[in-house]
Asks: 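Once you've had a glance at the structure underneath, I'll fire off some questions.
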Amino acid sequence: MHRNILKNTQQSYSKFLNRYNYICGSNYARLEAILQDVHCTHQSRKHYSSISGAERWDDGLPSDFSNTPPRDARVVICGGGIMGAAVAYQLAQRGWGQHTVLIERGRIGEGNPWHFSGLLGELKQSHSQVLLAQTSLELIRDLDAKGLPTGWKQTGSLNLARTRDRMTMFRRMKSQSVSWNVECDIVSPEKCKELCPLIEINDIVGGLWIPNDGVGNPNAFCHSLVQESLEKGVTVSENCSVIKVIQKDGRVKAVETSKGIVECVYFVNCAGFWARQVGQMSEPYVKVPLHAAEHYYLHTKPIPGIGAKFPVVRDLDGHTYFRENEGCILAGGFQAKAKPAFEDGEIPASTSERKLQPDWDHFHPLLEELLLRCPSLKDVALERLSNCPEAFSPDCKWIIGEAPEIQNYLVAAGMKTVGMSAAGGVGRAIADIITQGYSTVDLHELDISRFLGLHNNRKFLRDRVREVPGLHYDLSYPFHEFRTGRNLRMSPIFPALKEAGAVFSQVMGYERPAWFDKKHSQDEKGSPKFRIATTHGFGKPHWFEHVQSEYENCRERIGMSDYSTFTKIDLWSKGSEVVDLLQYLCSNDVDQPVGSIIHTGMHNRHGGYENDCSLARLSENHYMMIAPTVQQARCKAWIERHLPPGGRVSVSDVTSMYTAICIMGPFTRIMLSELTDTDLSPKSFPFFTCKELDVGLANGIRALNLTHTGELGYVLYIPNEFALHVYTKLMEAGQKYGIRHCGYYAMRTLRVEKFFAFWGQDLDTFTTPLECGRMWRVKFDKGVDFIGREALLQQREKGVERMYIQLLINDHDPDVDLWSWGGEPIYRDGVYCGQTTTTAYGFTFKKQICLGFVKNLDPSGRAHPVTNEYVLSGDYEVEIAGIRFPAKANLHSPNLPTKYPDQEREAYKATREKTDESNLLAFRTTK
C-alpha cells in the first residue's frame, strides 16, 4: 500500500510547489507590524513593539524598515537566520545593541517553514553541547513566557532501541545524565507504547524517555530574537550582501557590503549554509569546512485525534524521527549514506533557490522504516516531501569560535538540522567571547581551530558528507573512525607499517596505527591491505590481545610507535625575544640550559590549559614545541595572537617536515647506541633532555629522551628524507632485543596506567595545574607575570574545587562486564562526585583504570574545596551503564613492577610530586 502512496504523492507533488504561505501555529495570527521610533546615539531607528505573543513576520521586516548599515560599529554579524539573530540578541542583552549590525542578504526569517524539524533536545554527545543546548532551551522558555512566538511545546522525546547494544548506549546515557543534569529514564517496550500509542513495538527492546525535550518553530524564534534585538538598538540591514571582510595586521578592520563599508572590531560569520563561501571573502581565507547534503522532511495531511503533546519519537536504529506538527505528522531521518548536494560547488544565492526536487528513490528506505514503526501511516494522506539540503561539518559537530587565520573573526555555523536547539547557547558563547574575551563553556571540541586546510578541500568535504549525516543516529561505539577521507595524510614509513600489519586510526587527517595484526593483512593479490580500526561493542574489544602484547613489549623489551602526528612548532629569534615570549605564555620556567626539555602548560587568564606541551631548547634562542596532534592549528594561533610586534619572533609549523619514531623499553639505550656515535649514557644524555644525533647514515635527527608514556625510551624527530632509512636501521638493530611495532591503543594504556594527563582528553581550557596535580611545573617565582598567574595564585590560596584522580575498578570481570570508556559518573560514599575522562585496561594492574575529576558537593550541589584527605577518605564507585563497581582512588603516578627497574623511570612523576603507593595494589574483595 505504501508504494501506492509513494506513486500518488509523486504525481501530485507539482501541485504543492507554489504553496508558500504557511502559518506557524493555530494560535498565531498574522498581524501588521507596529513601528515605533526609538532614538539611538548614531541614528533614528525603528523597531517592533512586543505587543503580544501572537505577532509574527512572514516575509522579513517591512520594506520601509531595513536600514543602510552605519559606517562604523563594534560588531558586524553576517546572516539573519536563527544563529545570527541569537548572537545579535545576546550582544544586545549585554548592552552592545547600539554597536551591533546584523546583515542579511535576503529577508529576516525567510526560511521556508516546510524545511525544518523544530526538534529541541538537551541530551547531546558531550557536556559542552549539553550546556549549550540547555542554555538554548532556557532562552526559548523565557521568550515563550514573555508571550513572544517560539512555537515551544514541551512534548518529551522517546528514543527507541531495537538492539542490545542500543540499550547499552541508552544506559550509558542515563548514567551520564546525572553528571549533565538531564532528566531521563530507561523505559520498557510497553511503556514506549503507552507514551506513543501510534508505534509498533514488536521489535523494540526498550527506550530512553527525556521528558523535558520538546519542539519549536525556528522561524518564529528567529523573529522574536530579532524583535528583542531591535528594541535594544541593534541595526538590521536586509537585502545587504557581504562582499569582503577586510583585515589589517591580522585583525578584522572592516566589512565591505553591497550598501557600503562598515568599519568594525569584530565580524561574526553566521551565514549557515553559506558560511564556507563567506569564509572565502577575506584574505587570507577563513576555513569553514561545510558541505551540503540532501535532507528530507515528510509532511502528512491532518490526522484526527492526534494530540498536541504527542512526543518526539526517534527510531534510531531505523534512522528516522517523527513528531506532531499542527495536527499532522512531520517526519524525517538521516540516511546511512547521504547524497551530497551542489557537488559542483555552485551554491544557490538565496534561500528560495536552495530547495531541490525530492528524490523519492533516495528517501524510500527511510519511508519504509517509518511505516515499519507506524503502520497506521499507510492510510494517511501525504502533504508533501520537502528536500532542503543542510550543511554538515567533516566531524558532524558544530563550528564555533575565533578563526585562527584572522583575529576577531568569529564563526558560528554547522548547526546541521538542530539550529534552534543550538542557537541560544552558541549565541551566548560568541557574545561572551566578544564582550569578555572568553566563553563560560569549554568549547575546545567545537572550536574552529580543530580543522586544517585539508578539511576545507571541496572534494574531501563532498566525500565526507556522504558519511556524516548518518552519524546522528548511528550507534556511538568507542573510538569511532571515519571511512571516507582516508589514505590522505601519511608519514613516509606508512607503507612499511601497513606491511607490518598496522590497523589504522586517524587524527587530524593523519593515519596512525591503532594496533598491529599480521593476520588477514594482505589482499587476494598478496599486497598489504589498508585496514581501519573498529570497536563494535561496549565490552572487551576484539583487539585486546594485540594491544596486550604490544604493551608488554614496551615495558619489558622494545616497542616502536609512529608519533608523526604530534604537532611540531619551531620558535626562534635573533635575540632573547623568543625566551621572553615563552616565559610570558608558559607557567613553567623555559629559560633552562640548551638541551633541556621543559614540560609546561600555556594558560588562559583563568589558569586553564590552552595548550599542554614539551619545549626542547635546541639553542640559546631556538625551541621546538611538541604538542598534542589536535593542537596543530590551535596552539599556533594562540602563540601568534601574543607575538611581539615587528616580526621579532619567528614561528613555523614543522609538523609535516619530520617523521617521529618513538622507541621505548628497557633496551632502547643499548640498541640506539649501536646506531650512533653519540654517548647515550645517563650522564651524557639524561632523561628529559634533547640532542641532535646521527642514526645509521642519516644526520640532523632531533632526539628527545622521553616517551610521553612514562616508559624509558626516545622520540626521534627525523627529517622526512631519512625516515625510511632510520626506520629500517632501527628494525634491523632491534631484532635481537625483540623489537615489535606498537600502536596508539598501547600508548594510551601505558599513559593511563602511569597517570599521565593529555590535553583534549583529560585537560581542557577550564582545567588548571592545581586541579590535575601539576603545580610543581608552575614557577610563580620565575620573575615573569605569565598569563594566568594571578588566577592560579588565587586558586592556590582558596583551594581547588575538583581534583584529578586515578581509579582502579574492582569486582569487575573484563571478559563479561561492560567496560568503562570515559564519561562515567563517579560516586563517593554513594553520592555523585565527578566523572571519568580517559579509561583503559591496565595490563599490569589487571584492572580497568579510570582517570577523572572528583568534587566535594554538598546536598544543594554547591562545590567546596577538595583536599588529598577528602579524596583518600572516601569509598568510590564508578557507574558503567547503570551498574556500579567499587574503585580504589589514587592521587599519584604509581611505580609499576617490572623485570628491569630503572631509577630514571621511577623518579619521574607526571601527576603530583609526592608519592604514596602504600597499599596501592592491596585492595582485595571480601568473599
Side-chain angles (χ1 to χ4, degrees), residues 125-126 165-166 168-169 172 289 291 293 316 319 334-338 392-397 445-446 450-452 454-455 457 460-491 494-495 497-498 500-517 519-521 523 528-547 550 561-566 628-630 632 741-749 758 760-761 819 821-823 838-841:
Q125 290 77 20
S126 68
D165 276 0
R166 181 72 68 180
T168 297
M169 190 183 84
R172 286 177 53 81
H291 198 289
L316 302 178
H319 296 273
F334 298 92
Q335 291 94 336
K337 186 175 182 180
F392 297 85
S393 70
D395 58 3
C396 203
K397 295 179 181 179
E445 64 160 331
L446 306 174
R450 71 186 186 270
F451 297 118
L452 301 174
L454 66 91
H455 296 113
N457 179 293
F460 169 87
L461 289 170
R462 179 197 61 194
D463 291 345
R464 178 58 63 83
V465 82
R466 302 178 197 274
E467 179 180 8
V468 164
L471 298 180
H472 283 78
Y473 289 175
D474 269 356
L475 267 167
S476 300
Y477 287 120
F479 305 144
H480 171 264
E481 290 289 331
F482 288 102
R483 316 295 295 183
T484 54
R486 304 303 295 256
N487 280 306
L488 175 61
R489 198 177 178 206
M490 298 166 282
S491 73
F494 172 84
L497 299 175
K498 186 168 67 170
V503 182
F504 290 94
S505 63
Q506 187 188 63
V507 58
M508 295 293 279
Y510 231 126
E511 299 292 350
R512 67 179 177 191
W515 72 85
F516 287 81
D517 176 15
K519 291 183 179 180
H520 313 298
S521 63
D523 60 22
K529 288 194 298 187
F530 175 71
R531 294 176 295 170
I532 298 175
T534 59
T535 307
H536 289 319
F538 297 101
K540 184 177 180 180
H542 64 91
W543 40 257
F544 180 88
E545 286 77 14
H546 301 296
V547 174
E550 294 169 15
S561 187
D562 184 3
Y563 275 20
S564 300
T565 66
F566 278 19
T629 305
V630 295
Q632 185 171 350
H741 296 90
C742 300
Y744 167 71
Y745 290 1
M747 304 303 103
R748 179 187 176 96
T749 296
F758 269 28
Q761 299 178 37
W819 281 28
W821 295 101
T838 312
T839 66
Y841 183 83

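None of the values given here were measured: they were computed from a predicted structure.
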Asks: What's the verdict on side-chain contact (heavy atoms from CB on, under 4.5 Å) for Val468 and His291, showing C-alpha distance, side-chain angles and the deciding distance?
Replies: CA-CA 10 Å; Val468 164; His291 198 289; over 6 Å; no

Asks: So, do Tyr841 and Val547 sit near enough that their side-chain heavy atoms are less than 4.5 Å apart?
Replies: no

Asks: Within a strict 4.5 Å, meaning less than it, do heavy atoms of the Met169 and Phe538 side chains meet?
Replies: yes

Asks: To the nearest 0.5 angstrom, please state how far the CG atom of Asn457 sits from the CZ atom of Arg462.
Replies: 9.0 Å

Asks: Are the ring centres of His546 and Phe516 closer than 6.0 Å?
Replies: no

Asks: Might you point out which heavy atoms bring Gly485 and Phe460 nearest each other, and give the distance in Å?
Replies: CA-CE1, 3.7 Å

Asks: Is a side-chain donor or acceptor of Ser491 paired with a backbone partner of Ser564 at a separation under 3.5 angstrom?
Replies: no

Asks: Would you call Lys397 and Glu445 a salt bridge, using N to O less than 4.0 angstrom?
Replies: yes

Asks: Does His472 use its side chain to pair, donor to acceptor, with the backbone of Leu316 at less than 3.5 Å?
Replies: no

Asks: Between His542 and Trp515 (judged by ring centroids, cut-off 6.0 Å), do the two rings come close enough to count as a pair?
Replies: yes

Asks: What's the shortest heavy-atom distance between Cys742 and Met747, and which atoms?
Replies: CB-CE, 3.7 Å

Asks: Using 0.5 Å steps for rounding, measure from the CZ atom of Phe566 to the OG1 atom of Thr629.
Replies: 5.5 Å

Asks: Do Thr484 and Asp463 have a side chain donor and acceptor closer than 3.5 Å?
Replies: no

Asks: How long is the straight-line distance from CZ of Arg450 back to OG of Ser393, given to the nearest 0.5 Å?
Replies: 5.5 Å

Asks: Using a 3.5 Å distance criterion without hydrogens, assess whether the side chain of Arg464 forms a donor-acceptor pair with backbone atoms of Pro394.
Replies: yes

Asks: If you round to the nearest 0.5 Å, how far is CD of Gln125 from NE2 of His480?
Replies: 11.5 Å

Asks: What pairs of residues pass the salt bridge (Lys or Arg N to Asp or Glu O under 4.0 Å) test when at least one of them lies in residues 482-491, not counting sequence neighbours?
Replies: Glu481-Arg486, Arg486-Glu511

Asks: Decide yes or no for Phe758 and Thr838: does some side-chain heavy atom of the first lie under 4.5 Å from some side-chain heavy atom of the second?
Replies: no

Asks: Check whether any side-chain heavy atom of Lys498 lies under 4.5 Å from a side-chain heavy atom of Phe494, and answer yes or no.
Replies: yes

Asks: In the structure I gave you, are the side-chain heavy atoms of Pro513 and Asp562 within less than 4.5 Å of one another anywhere?
Replies: yes

Asks: Flag the pair Phe334 / His319 as yes when their ring centroid distance falls below 6.0 Å, and as no otherwise.
Replies: no

Asks: Using the side-chain hydrogen bond (donor to acceptor under 3.5 Å, both in side chains) criterion, which residues pair with Asp517? Sequence neighbours excluded.
Replies: none

Asks: For this output row, return yes or no: ring centroids of Trp821 and Phe479 closer than 6.0 angstrom.
Replies: yes

Asks: Mind checking side-chain hydrogen bond (donor to acceptor under 3.5 Å, both in side chains) for Lys337 and listing every partner two or more places apart, or none if nothing turns up?
Replies: none

Asks: Kindly indicate whether the side chain of Phe482, heavy atoms from C-beta on, has any atom under 4.5 Å from the side chain of Ile532.
Replies: no

Asks: Looking only at non-hydrogen atoms, find the nearest pair between Cys396 and Leu471 and report the distance.
Replies: CB-CD1, 4.1 Å

Asks: Please check if the distance between the ring centroids of Trp543 and Tyr745 is under 6.0 Å.
Replies: yes

Asks: How many angstroms lie between atom CD of Glu467 and atom CG of Asp474, to the nearest 0.5 angstrom?
Replies: 8.5 Å

Asks: Could you check Thr565 against Met508 for side-chain contact (heavy atoms from CB on, under 4.5 Å), going step by step and ending with a plain yes or no?
Replies: CA-CA 8 Å; Thr565 66; Met508 295 293 279; over 6 Å; no

Asks: Of the non-hydrogen atoms in Gly501 and Ser521, which two are nearest, and what is the gap between them?
Replies: CA-CB, 4.1 Å

Asks: Please assess Arg512 against Tyr563 for the test side-chain contact (heavy atoms from CB on, under 4.5 Å), listing each intermediate value before the final yes or no.
Replies: CA-CA 8 Å; Arg512 67 179 177 191; Tyr563 275 20; over 6 Å; no

Asks: I'd like to check the side-chain hydrogen bond (donor to acceptor under 3.5 Å, both in side chains) partners of Ser476; sequence neighbours left out, ordered by chain and number.
Replies: none

Asks: Can you tell me how far the NE2 atom of His455 sits from the CG atom of Leu488, to the nearest 0.5 Å?
Replies: 8.0 Å

Asks: What closest approach, in Å, do Leu454 and Gly509 show between heavy atoms, and which atom pair accounts for it?
Replies: CD1-CA, 4.4 Å

Asks: What pairs of residues pass the salt bridge (Lys or Arg N to Asp or Glu O under 4.0 Å) test when at least one of them lies in residues 529-545, not counting sequence neighbours?
Replies: Lys540-Glu545, Lys540-Asp815

Asks: Report the residues that fulfil side-chain hydrogen bond (donor to acceptor under 3.5 Å, both in side chains) with Tyr744, sequence neighbours left out, ordered by chain and then residue number.
Replies: Gln761

